[in-house]
Amino acid sequence: PGNFVDGRKSFEEKVYETEEDYFSERQFLYEALGPLVEKCKDLGRCMRIGTNHGSLSARVLSYYGDTPRGMVESALECADICRSLDYHNFVF
């Protein structure tokens with residue numbers, strides 16, 4: 001999800017005072033993933049959601065660090081966005 005949505009690597013460390021601060025930036029993900037999700041729905045295609053340490057966004061790295069949990073949270077966040085758009089044809 002990180003490379004698709006936020007492929008530019010800034011290595012910028014962001015400070016999130018609260019969980020709400022972190023999640024407030026989530027709208028950017030909806031806007032970036034929405035068209036891809038809609039295209040997959042229209043074509044009846046499955047999407048594979050996967051992560052690796054090299055593709056984590058600066059946002060995830062700043063909040064979770066370079067950790068397995070960050071990788072899991074990044075993938076689950078993408079799945080949550082897909083489900084909110086009524087798209088369930090994905091695998092991890």
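The residues of the chain are indexed from 1 along the displayed sequence.
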Self-check item: Minimum side-chain heavy-atom gap Glu19-Tyr63 below 4.5 Å
Solution: yes

What side-chain donor-acceptor pairs closer than 3.5 Å can you find for residues 36-43, not counting sequence neighbours?
| unit_1 | atom_1 | unit_2 | atom_2 | d |
| --- | --- | --- | --- | --- |
| Lys41 | NZ | Leu85 | O | 2.8 |

Quiz item: Ser74 and Tyr64: side-chain contact (heavy atoms from CB on, under 4.5 Å), yes or no, with the steps?
Solution: CA-CA 10 Å; Ser74 179; Tyr64 292 104; over 6 Å; no

Self-check item: Side chains of Glu73 and Val60 in contact at under 4.5 Å (non-hydrogen atoms)
Solution: no

Quiz item: Does the side chain of Ile49 come within less than 4.5 Å of Val91's, by heavy atoms?
Solution: no

Quiz prompt | Selection residues 70-91 - residue pairs positive for ring pair (Phe, Tyr, Trp, His ring centres under 6.0 Å), sequence neighbours left out | solution = Phe90-Phe92

Quiz prompt | Which residues share a side-chain hydrogen bond (donor to acceptor under 3.5 Å, both in side chains) with Arg83, sequence neighbours left out | solution = none

Self-check item: Results of salt bridge (Lys or Arg N to Asp or Glu O under 4.0 Å) for Glu77 - residues two or more places apart only
Solution: Arg26, Arg59

Quiz prompt | Test log, rule side-chain contact (heavy atoms from CB on, under 4.5 Å), inputs Leu33 and Cys82 | solution = CA-CA 8 Å; Leu33 281 174; Cys82 290; 5.7 Å; no

Quiz prompt | Nearest non-hydrogen partners of Leu61 and Asp66, listed with the distance | solution = CD2-CA, 3.8 Å

Quiz item: How about Val15 and Ser62: do any of their side-chain heavy atoms sit closer than 4.5 Å?
Solution: no

Practice problem: Please confirm whether the backbone N or O of Asn52 pairs with a side-chain atom of Ser55, one donor and one acceptor, at under 3.5 Å? | Solution: yes

Quiz item: Are the side chain of Asp80 and the backbone of Leu76 linked by a donor-acceptor contact shorter than 3.5 Å?
Solution: no

Quiz prompt | Any residue meeting side-chain hydrogen bond (donor to acceptor under 3.5 Å, both in side chains) with Tyr16, in chain and number order, not counting sequence neighbours | solution = Glu25

Quiz item: For Asn89, what residues pass the side-chain hydrogen bond (donor to acceptor under 3.5 Å, both in side chains) criterion, not counting sequence neighbours?
Solution: none

